[in-house]
Structures are given as C-alpha cells and as structure tokens.
Protein chains: 2
Amino acid sequence: MTIKYLLDNNFKPSLYKKGDVIYEPGAYPRAVYFIKSGKVRMVTVNDDGKEFIQGIFKANEYFGEPALLVNKSYLAYTIATQDSEIIVVKGEDFLKMLKEHPDFSMKLIQTLSHRLFYKSMMLEELANEHAEHRIRTLIAYLFKDVEHSQELKVTRQQLADMSGLRVETVIRIIKKLSDQKELKLLRGKIIRI
Amino acid sequence: MTIKYLLDNNFKPSLYKKGDVIYEPGAYPRAVYFIKSGKVRMVTVNDDGKEFIQGIFKANEYFGEPALLVNKSYLAYTIATQDSEIIVVKGEDFLKMLKEHPDFSMKLIQTLSHRLFYKSMMLEELANEHAEHRIRTLIAYLFKDVEHSQELKVTRQQLADMSGLRVETVIRIIKKLSDQKELKLLRGKIIRI
DNA sequence: GTTAATTTATGATCCAGATCATACTTAAAT
DNA sequence: ATTTAAGTATGATCTGGATCATAAATTAAC
C-alpha cells in the first residue's frame, strides 16, 4: 500500500492539528497529500461563508492531485478535522511515482473515476431532486460502508453541507425517514436498520 | 493524437445518427467511446423526465471510461446530438492501451482531473449559489473557449439543464445580464463582449 | 461533576425560483 | 416559399425549503 511505500522510501509525515488548514483556495498546488492517520475535509466556501463539503478523506487516502495535475490553483480549503499525520509529497516526486509505477497510475485512475461517480450522482441530486430524495440518496451512499444497526458518524450539519440543504431541513427529513422506518434514531444518532 | 492511433491500428468507427442512444443508465460498461466526428451529450434523467447535462463531448474526446474502470453500471444516458462517427474500443483493448502507453495513461489522469474540477465547481454552485451566480459562473466557463464578440453555441434550455434551473429562469437572467452589459444579445444569441 | 459548546428539535414566516399560461421569433424541414 | 418545430419572451401565481427564533438534549472541556 502506498503509505507504506512512502515511509519505506524515507518520506516523513507532517503533523497537522485539528482545525489546521492544509491548503486554501487560490493557492498554487505544489504537492500531493497522503494521510497516514487522521481525517480531513475538503470544502468550498461561498461569499456568505456557507460551506459545501466536496469530500472527506481519511487514513490511507490522498488528496490534492487534480489541481496539481491540471496545474490550476485550488478551488477548496482542506482542513484537518482531527489531529492527522500527513505525508506531503512534492509534485515532482509524485510525477516520478506515477511514471515509475504503472500500477499506482492505474489505481489513481480508478480513484479519480470513483470521485467522478460520486460527484455526478450528487450533481444530479442537487440539480433535479427535492430535499427528501437528496438525503435518501446521500444516506444510502454513506450507509454502504456501515454495518447493519450501526450508527452513521455524520452530523446533520455535515449532511446539510454535503447536500446543499440547511440543518433544520435535514433534521426534519431525518425525523420523517425515521417515522417511515427507513432508519432508526438513537439519542440523535442515525442508525442503519 | 489518440484517434489517429486507433485508426492506424485498424479500429473502425461506428456511425450514430442524431438522437441515437449510445448507452443508457443501468447498462453494464464494456467499452470506451472515442469520437472521431460529431458530438454527444451525457445526461442523467430523473423520475419526472427532467434532464441534467453531465457533460458534452465532441470530436477527439472520449467518454465512458469511469464506469468501465470502476466496474459499475452507467448512471447516465449518452446520446448523439448530431450524426457522429465513434470508435468503440472494447474494455480489454482500452486497458491494454493504458498499460502499453504510459503517456496515454497520464493524459487520462489529466482528463479525469479536469472533469473533476468542472464538477466540483458546479456542485459548489448548485449547493450554495443563487440562480444569477450560477449562470454567471457557467457562462464564464463556457466563454473561455469563445472569442470576443463571438456567440455561445448553447441554448437557454441547455444552460438550464446544466445549472439545475428552468428555462424561464435562465431566460430572465440572461436578459438581466444583457441589461447589465455583461454580455450582448443578437437575435437571441448570447454574444461575448 | 459542573460548565460550556455542539448538536438536535420545532414552530412561524418569508421569498427565490418553479410552475402555468400564452405569445412571439427564429431556424429547420418539406 | 410555406409549414412546422424549436427556441425565446413575459406576466401571474404558487410552494419547498430558507430563514428566524427559541429551547432541549448530548457531548466535550475543564
């Protein structure tokens, strides 16, 4: 796995504290970021300060390549949502990795394809579907890595920031879905049935 | 360029007539589609029949790889918007191309990165911005390959289908932008100032 | 274990943009 | 050159979800 490869090749992780900004919009990309431990959120923020969550990245994932590869400045903030160890791989080293390891290159293509899938799905939702449908789709998507009768580790605010809705709306819809037995609520937590 | 490579290697284009459906949602991906000539639109359609334009592809571009590479069925329809010659490259052949031509692999990574950029930008718009802002951003994006005082070859309906708005709303906003001299209207056509 | 900060909850009001309806203009088809 | 279809235009009404306000329940911090 890639992180191990990097550590074996003497790349050192940097420490980011919860809340630290890793990069911000407008900055010129110089590196790709591999998460050894921790979690980050990638968000765009509009003029009113409203956040939209473009993605959440956790241990063993990486982020920041698209901007680097197309040589455009970042669109989003990336912020550590908990203390994290992140290996910052300089652009040139990343390109070398791609060149020298076709299997990694292939993996990257698949990763990018997955992200495109998610974004296409959400675009369709935001463009055409009403609040309830959006939340249903989003929850179904998030439930896919959650066991039965386990909880979703996501707040209503985060669901709002992923779906383009407001917290109050999300809260009302979750309640409704719970009434319709599509999910369970346990002390506020959303539980997969 | 890739199309030339394919033709030189004896891949033959298929003909699709205007309106022909190249693939549809749910179908299992078996190929990647290279456009020799013509144009296609990729659209998702919701239960009410409302379309959302996920992308427009023209000569020398290709489409359909993400679904193939992550091995998931298609989300969208792809429809020829004019008579088109399209080289249908079977999955295995496409994978072979990727393996044998690292430069192509690199190009693909960049292409996917570009598409991600566009989708991230539009997600932010659909999630957080009002109609006028969305249309401004979208038009600015489309104007980037349009000369000064040249027209945008896009209808109001298409702008609506790319922005998640309704035609009437787009028409009203375009009119307003024209009043504000942000663009010119010539017999209905949108002209870059 | 107590205080502070998040998160969840719920009602009341408001408004941007959807929807409906109808007409005009431009481009395409025959 | 006409008919037909597609696209643009504009007013009137309606509505889903935003916004505002206020409080209760959890969780985190000290």
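Proteins get letters first, then strands, A, B, ... in listed order; numbering begins at 1 in each.
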Visitor: Could you tell me how far apart B:Glu168 (CD) and D:dT8 (C1') are, to the nearest whole angstrom?
Guide: 11 Å

Visitor: Starting at CD1 of A:Ile190 and ending at P of C:dA9, how long is that distance when rounded to a whole Å?
Guide: 9 Å

Visitor: Starting from the 5' end of DNA chain C, give me the residue, B:Val170 or A:Val154, whose nearest nucleotide shows up first.
Guide: A:Val154

Visitor: Could you tell me how far apart A:Leu159 (CG) and C:dT7 (C1') are, to the nearest whole angstrom?
Guide: 12 Å

Visitor: Do the side-chain N or O atoms of B:Arg172 get closer than 4.0 angstrom to the phosphate oxygens (OP1, OP2) of C:dA16?
Guide: no

Visitor: Measuring from the side chain of A:Thr155 (C-beta onward, heavy atoms only), which nucleotide among C:dT10, C:dT26, C:dT8 has the closest atom?
Guide: C:dT8

Visitor: Whole angstroms only, please: what is the CD1-P distance between A:Ile171 and D:dA25?
Guide: 14 Å

Visitor: Could you state the atom-to-atom distance from CG of B:Leu186 to P of C:dT25 in whole Å?
Guide: 16 Å

Visitor: According to the ring pair (Phe, Tyr, Trp, His ring centres under 6.0 Å) rule, which pairs have a member within residues 109-139 of chain B, sequence neighbours left out?
Guide: B:Tyr118-B:Tyr141

Visitor: If you look at every strand shown and take non-hydrogen atoms under 4.0 Å, does B:Leu165 touch a base, only sugar-phosphate, or nothing?
Guide: sugar-phosphate

Visitor: Mind calculating the distance between NZ (B:Lys175) and C1' (D:dT8) to the nearest angstrom?
Guide: 7 Å

Visitor: Would you mind reading off the distance between B:Lys153 atom NZ and D:dG7 atom C1', rounded to a whole angstrom?
Guide: 16 Å

Visitor: Taking the six-membered ring for Trp, are A:Tyr62 and A:Phe104 parallel (under 30°), tilted (30 to 60°) or perpendicular (over 60°)?
Guide: tilted

Visitor: Does B:Arg156 make a side-chain N or O approach to OP1 or OP2 of D:dT8 shorter than 4.0 Å?
Guide: yes

Visitor: Against B:Phe63, only a single residue in B:Thr111, B:Ile56, B:Ile35 fulfils side-chain contact (heavy atoms from CB on, under 4.5 Å); can you say which?
Guide: B:Ile35

Visitor: Between A:Arg166 and D:dG16, is there a contact of a side-chain N or O with OP1 or OP2 at under 4.0 Å?
Guide: no

Visitor: Does a sphere of radius 6.0 Å around NZ in B:Lys39 hold more than 12 heavy atoms from other residues, nucleotides or ligands, not counting ones at 6.0 Å or beyond?
Guide: no

Visitor: Strictly below 4.0 Å, heavy-atom distances to any atom of DNA chain D: list the hits from residues 126-139 of chain A, or just say none.
Guide: A:His130, A:Ala131

Visitor: Does atom CD of B:Glu147 have more than 12 heavy-atom neighbours from other groups under 6.0 Å away?
Guide: no

Visitor: Check this for me, if you would: do B:Asp83 and B:Lys17 make a salt bridge, where the nitrogen-to-carboxylate-oxygen distance has to be below 4.0 angstrom?
Guide: yes

Visitor: Between P on D:dA9 and NZ on B:Lys176, what's the gap in Å once rounded to a whole number?
Guide: 16 Å

Visitor: Looking at B:Lys144, I'd like to know if its NZ atom is crowded, meaning that more than 12 non-hydrogen atoms belonging to other residues, nucleotides or ligands lie closer than 6.0 Å.
Guide: yes

Visitor: Counting only side-chain N and O atoms of B:Thr169, is one of them less than 4.0 Å from OP1 or OP2 of C:dG17?
Guide: no

